[in-house]
Each structure stands twice: as structure tokens, then as C-alpha cells.
There are 2 protein chains.
Amino acid sequence: MKKQTITIYDVAREAGVSMATVSRVVNGNPNVKPATRKKVMEVIDKLDYRPNAVARGLASKKTTTVGVIIPDVTNVYFSSLARGIDDVATMYKYNIILANSDGNAQKEVQVLNTLLAKQVDGIIFMGNNLTPELREQINRSRTPVVLAGSVDPENELESVHIDYVAAVKEAVSDLIRRGNERVAFVSGPLSDAINGQYRLEGYKQALKENDLVFDVDLVFETDSNYRAGEMLAPALQAMSASAAYVSDDELAAGVLNGAKDAGVKIPEEFEVVTSNNSKLTEIVRPQMSSITQPLYDIGAVAMRFLTKMMNDEEVEQRTIELPYGFIKRSSTK
Amino acid sequence: MKKQTITIYDVAREAGVSMATVSRVVNGNPNVKPATRKKVMEVIDKLDYRPNAVARGLASKKTTTVGVIIPDVTNVYFSSLARGIDDVATMYKYNIILANSDGNAQKEVQVLNTLLAKQVDGIIFMGNNLTPELREQINRSRTPVVLAGSVDPENELESVHIDYVAAVKEAVSDLIRRGNERVAFVSGPLSDAINGQYRLEGYKQALKENDLVFDVDLVFETDSNYRAGEMLAPALQAMSASAAYVSDDELAAGVLNGAKDAGVKIPEEFEVVTSNNSKLTEIVRPQMSSITQPLYDIGAVAMRFLTKMMNDEEVEQRTIELPYGFIKRSSTK
DNA sequence: CTGTTAGCGCTTTCAT
DNA sequence: ATGAAAGCGCTAACAG
């Protein structure tokens, strides 16, 4: 498979200059006489020359590509972040290598390593379970990493996210104040810091603030998908929960449809509040009330943050908190 | 930003062999005495050596990365394909550079060029509007390209997809046979071959086969998103359509919800059939009947196909057609 | 089975 | 403002 053949050398010869000069014009170095620049440009055009990024990467030790580790592109929450990442990456002339990890620690380490082998200039990590091994690999490499849409409980890594504790606390308090004394906490794996440490904490704080006692039977840990939510309906009823805070939209859609299909009236008999305000919230009936967070922006800001780090610019804080909000729809009274 | 420092040379010295030998063990070349291989492995481990993929790429002219041009990762249809692609890419030790194009011809050309500059070994293209310029760029490069989830009307490029004409024809015929004489054809841009040439053709064939005459007023061209579908409800009623075939699930969810919210009984008064059988079909109420197609597999097969091309293996046909199906849910009688 | 030697295509001092 | 030359880290003949 023969690939591109014409090199900087061909251009140089054809233009009657040295390759150094060609390199200069290609890289926008000002130290080139306009006339020669013009000449070189013409030849480049004529020969349809396209600089070999690999050679460039080897010589300059910069690949202008960043790695993006994502649990699953198929999940809108993550793909929204990814879209924000890609857009600003493009804006800054970077490309992204996208790798799915399924949130699996072993795959994450593996992927991280191949990304480093490919000499990416930086990495954006979406995941919520920073194992010690992963941390070590990250630290050993001198490659900048920023977390998007998740938090580092150890506060070692830079990250951008919202204040999950406060957001959930607010959402749950709202539910309680409206008379719900048994609010369920439905989430994906509690081993993920975002669920087990932040969201759950917000839930507990809301309880405490409203003089309610924490009942572990109201905590439902499951997979973050539609089916899992649907199947949760009976259990929720069994614990006589009258409302639920759910950590994921797809999961919430399942909870809602599961309850509804079982004849439960929503929101009269059961209220549900979800977390990501994705399109899904408007597609189900009744439409779901939700915490709102700027997913696209989280990705975009994370990438912007990374460009600064890659550029060795000083960054003020290692953590960027974006604002969250709340939108009332029909799944709550 | 200092990156990894230890090179193949360090390993060679430390192990008391030549770099060629180290290269051999790294690449699994059998021509190495087990003892030396072992020794080298140990040193690699001890030094935590990780081959520089960029240097490798330059020397071998293979980057083990493929470019993936996608309209929008945020759309489940495409992200499902992407997931299939990434999984088999990983399986064959490739990484993917993911780039969003928004289906915009200009961006597509631009992205294609940067991908080629990065020396990707192959490209998977998702898009339905192969402009002449794009074709030319593709042809000029000697890089293999395969289309995933779309068809090349000119039949110049390799591709994997389902038989859109037959699938739509079947779905629409079904609608007609059940008594619907005014079936709407609702789709995204007709300029996309998949819609304007294939799906529409299937629709027309179904009409003809059932002795119905094609009425252009029943063709609704719009954006492929939820909101667009929702807003279509009045128009659909105005044309007194009693059923609709919709080219996209999100769009279909909008059509369905829009009609329902306007008081139309589904499926009694209005039936809808959609195209991709994504999760969405089960999340809306009533759940939607849909053409089924193996999205993940289309991506996976496309990537597998590409590995063969990159490997200069003979490929039987330039087009792979995967089977489609039909699932009856509650949005049709 | 192992070592030597050229590059791969480009960036980057260092001279001039 | 421009050129010469030395690599970047690795693969791939070619010897031996």
C-alpha cells in the first residue's frame, strides 16, 4: 500500500530552496522573505504536498492529538461530552483518539498505555473509578490529564464538572419539602465516586437537613441502563418510596416507564427526578424533571483546559466547577 | 513537557544486545533465541520501556490507527456504529481517530485531509453525500476507505449496510396492506442518497406494488431530530396521512409524541414505523414498530473489512449487505 | 540467531 | 533570510 510520496525534500528541490526554508513556510515562521514564501507556497500547491504528521511528531515531539478515554460512546451523557471535546480540539488543531473502556479498570490501564505509546500530547479521561494503578501510570507519564464530567476524590487530578453534592441535595430537598418522606436514591455503581461519594452525600445531606433518617433500604444500586430501571419498579413499590432521585436519564426513563406500566400514577403517586437533562427527559411521558448540567460545555472546557496544560501555561485551579440548574417538568408535582 | 525518555537503545545497552534484537522481541519476530528474548523482556519490564509508536510509524509506514469520520457522535445511530468500529479496531490493535463532520461536505474534506496527513492506515466514512471533491481526495490518496451504514450510489467505494430499498418497501407495504392509503414518508435531507435515492425508492415501490399513486405532498423532508418531528404533527394531519414511515428514530419519536400530544390516538388513528430500532423505540409510549438493522455489526463488519483492505487481502465484493428485519410493537395496528 | 547500517520525513540548532 | 547537518526512535534489509 503505497501512501503519499512527495516529501518536503521534493518541494525544496522544485522550489530551489532548502528543506529548512520549506519547513519554515509550512510552519508559518516569519523569517522568510515574502517572495520565497510565495514561491514555496506555489510549489506546495502544485505538488499537492501534505506534511507528514508522523515525521513531524517524531521530530518535534508533539503529535497534536489527544487521547479520550470514554466508558461508552453509545451513552448520550458521554457522547455529549465527547462532542464538546472534539469541537474545541478541532478549534485548536488537535485530533482525538477515542477509546471505549466500559468503565473497566483493566481496559482503562491498557488504553492509557497505548495512548501514551502513541505519544498523545494529553488525555481526557471520563470515568469514575481511579484505581491506584491507573493513578500511578498517569503520574509516571508526564502527560497532562484532565477528567471531564467526573471528580477525583483525592483531588490529585485536574477536572471539570458540576457540584454534584449540592445539585443532588437541592433536588432531593425539593422532593422532601413537597411532602415525600420516603425518597429513593437510585444510581449506577456506588463504587464510582460520583455516585457513592458525591451524589449519595448530597442525598444524605438533604435528608438530614429535613430531619429525615437515612434508610439504606431506599438506596438502589444498579446498572445505568433502561432495562435496569424498568425492573426496579416492584422493589421501589415494595419499599413504599413515593419519589426517587435517579442518577442517570436512561435509568430514570426505565424507572418511570416501569412504574407507569405497573399502573402507578406519575407524578401523583410517584415522583421522579433525574440528573442529566438529556433529550430523553423530553421524550418520555410524562416528561422528566431534571438537574441540568452543561454537558457539551464540560467537554469543551475540559479540552480547553487541557490545551493550556499542554502549552505549559499556568492554570489557576486544578478544578473547574461549572454551574448546574434544575428544570421542572411533569414527573414531579 | 518532557515525555518518555527511555528508548530501544537504552534497552539494547542494558540487555547487552543490539537494538535490532530488541526490535525483534518487541515485534514478536521468532528469530530470537529464547534466552535472549527472556533477557530482553526482563530489561523492558525493569526499565518500563514502551515503544514509541510515532517512530515506529515513521519507520514502518504504518500507524495502526484508522480515521473515523462521523456526522455526529451524539446521535445514537452513529455512535452505535462507532462502538462496533472501535471494538473490532481494538481487537486488531488499531486505534481510531474520531472526527465529527456534521455531514458538512466542507468539513468532511478538511477532516479527510488532516486524517491523511496523520498517515492513518485506513478510513471509515459515515456520511451520505459523497461530493465529487471528496471522491477525488479519496481516490488520490491510496488509503483504503469503507463506508459504514451508507451506500455509494456510484458504487465506487466499498461499503457495508442493509438493503434500504427492500427494507422500506416491506415496511411501507405492510402499512398499506393494513388499509392505509395515505402513508407519509418522513425523512431527513433527501440530498442524502440513503434517503433521497434508496428509502424513497422503497417507498415508491411499495406504493406501486399496491396500486397507489405517489403523492409528493406526502413526502416530508426535515431535520433528523426530535423537535422537527414534533412540529410535523399538524402538517401530517393536514395531509390526512393515516400512517408514516420515518427514517430516523429520534425524528419518529417526535412525530409520535407530537401526534399524541395533539390528541391523535396511536395506533388507532395514526400508525408510525421507524427505521433504526434504537433504545428510543422502547422508551416512548406506545413503543414503536421498527425496521431492525444490526448497527453495531455494521460498524464491526466495516472495520473488519477495512483491516482486510489495509492488509492488502483480496476482498470478494466491494459491498457487504447485512440482514435487516422488522419488529412489531405498539405504534402500528 | 544477531549485529550493522541506512533511512523514514521532518524540526531545529548553528552558521553564514 | 537561508542553508547544512544532526538527530527524533524505530524498522528493515543485509551481512555474517
Side-chain angles (χ1 to χ4, degrees), chain A residues 1-41 43-44 47-65 114 116-121 141, chain B residues 1-41 43-44 47-65 93 114 116-121:
Chain A
M1 184 96 294
K2 227 180 50 214
K3 292 193 179 167
Q4 151 184 331
T5 337
I6 60 151
T7 75
I8 198 175
Y9 184 73
D10 300 318
V11 177
R13 189 163 25 71
E14 183 76 13
V17 297
S18 72
M19 34 185 293
T21 298
V22 177
S23 176
R24 288 194 187 93
V25 350
V26 166
N27 292 293
N29 184 317
N31 287 32
V32 181
K33 194 163 36 170
T36 47
R37 173 184 308 279
K38 179 157 175 294
K39 174 63 183 163
V40 172
M41 295 286 248
V43 176
I44 286 181
L47 264 45
D48 193 34
Y49 166 69
R50 186 191 292 128
N52 179 323
V54 174
R56 243 215 273 234
L58 183 57
S60 69
K61 296 180 167 309
K62 284 176 182 311
T63 53
T64 64
T65 111
T114 103
L116 292 175
K118 296 230 166 159
Q119 314 299 118
V120 294
D121 296 335
S141 85
Chain B
M1 184 98 295
K2 234 192 28 229
K3 292 193 181 170
Q4 150 185 330
T5 340
I6 59 152
T7 75
I8 199 176
Y9 184 73
D10 300 319
V11 177
R13 189 162 27 71
E14 183 76 13
V17 299
S18 73
M19 35 186 293
T21 298
V22 177
S23 177
R24 289 194 184 92
V25 351
V26 166
N27 292 295
N29 184 316
N31 287 32
V32 181
K33 192 162 40 168
T36 43
R37 173 184 306 279
K38 181 156 174 293
K39 174 63 182 165
V40 172
M41 295 284 248
V43 176
I44 286 181
L47 264 43
D48 193 34
Y49 166 70
R50 185 190 293 127
N52 180 323
V54 174
R56 245 215 273 233
L58 183 56
S60 68
K61 295 180 168 310
K62 282 175 182 311
T63 53
T64 63
T65 109
K93 312 284 188 201
T114 101
L116 292 175
K118 295 230 166 159
Q119 314 298 119
V120 295
D121 297 334

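Throughout, protein chains are lettered first and strands after them, A, B, ... in sequence-line order, and every chain is numbered starting at 1.
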* To do: Sugar-phosphate means primed atoms, P, OP1 and OP2; the rest is base. With that split, encode nucleotides 11-16 of chain C 5' to 3' as B, S or - using protein heavy atoms under 4.0 Å.
  => BB----
By side chain to side chain donor-acceptor pair (under 3.5 Å) - contacts of [X] (at least two apart):
X: A:K39; value: none
X: B:T36; value: none
X: B:D10; value: B:R13
X: B:N29; value: none

Phosphate contact ([N] OP1 or OP2) by [X] side-chain N/O below 4.0 Å:
X: A:K61; N: D:dG9; answer: yes
X: B:S18; N: C:dG3; answer: yes
X: A:N31; N: D:dA1; answer: yes

May I have the distance from [X] (atom [atom1]) to [N] (atom [atom2]), rounded to whole angstrom?
X: B:L47; N: D:dG9; atom1: CG; atom2: P; answer: 14 Å
X: A:K33; N: D:dG3; atom1: NZ; atom2: C1'; answer: 14 Å
X: B:N52; N: C:dC8; atom1: CG; atom2: C1'; answer: 13 Å
X: B:R13; N: C:dG3; atom1: CZ; atom2: C1'; answer: 17 Å
X: B:D10; N: D:dC10; atom1: CG; atom2: P; answer: 9 Å
X: A:Y9; N: C:dC8; atom1: OH; atom2: P; answer: 11 Å
X: A:K38; N: D:dT2; atom1: NZ; atom2: C1'; answer: 19 Å

* Kindly write out the residues that satisfy salt bridge (Lys or Arg N to Asp or Glu O under 4.0 Å) with B:K33, not counting sequence neighbours, or none if the list is empty. =>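 Salt bridge (Lys or Arg N to Asp or Glu O under 4.0 Å) check on B:K33 returns nothing, list empty.
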* **Bend angle of the helix from C:dC1-D:dG16 to C:dT16-D:dA1, from helix axes over five pairs at each end, nearest 10°** =>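 Taking five pairs per end, the axes differ by 30°.
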* Partner residues of B:S60 under the side chain to side chain contact (heavy atoms under 4.5 Å, CB included) criterion, sequence neighbours left out ->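 Counting only residues at least two positions away or on another chain, B:S60 forms a side chain to side chain contact (heavy atoms under 4.5 Å, CB included) with B:K62.
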* Where the side chain of B:L58 is defined as all heavy atoms beyond and including C-beta, which of C:dC8, C:dG3, D:dC8 is the nearest nucleotide? ->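 Looking only at heavy atoms from C-beta outward on B:L58, the closest nucleotide is C:dC8.
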* Could you grab the distance from atom CZ of A:R56 to atom CD1 of A:I8, nearest 0.5 Å is fine? =>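 Here the interatomic distance stands at 8.5 Å.
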* Asked: Which comes earlier along DNA chain C counting from the 5' end, the contact point of A:V54 or that of B:G16, where each point is its nearest nucleotide?
  ->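 First, find each residue's nearest nucleotide; the 5'-ward one identifies B:G16.
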* Is there any salt bridge (charged side-chain N to carboxylate O under 4.0 Å, His left out) pair reaching into residues 14-28 of chain B, and which pairs are they, with sequence neighbours excluded? ->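 Found B:E14-B:K46.
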* Going by atom types only, do B:T64 and A:K118 share a side-chain donor-acceptor pair under 3.5 Å? ->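 Their side chains do contain a donor-acceptor pair, which is all the 3.5 Å distance test asks for.
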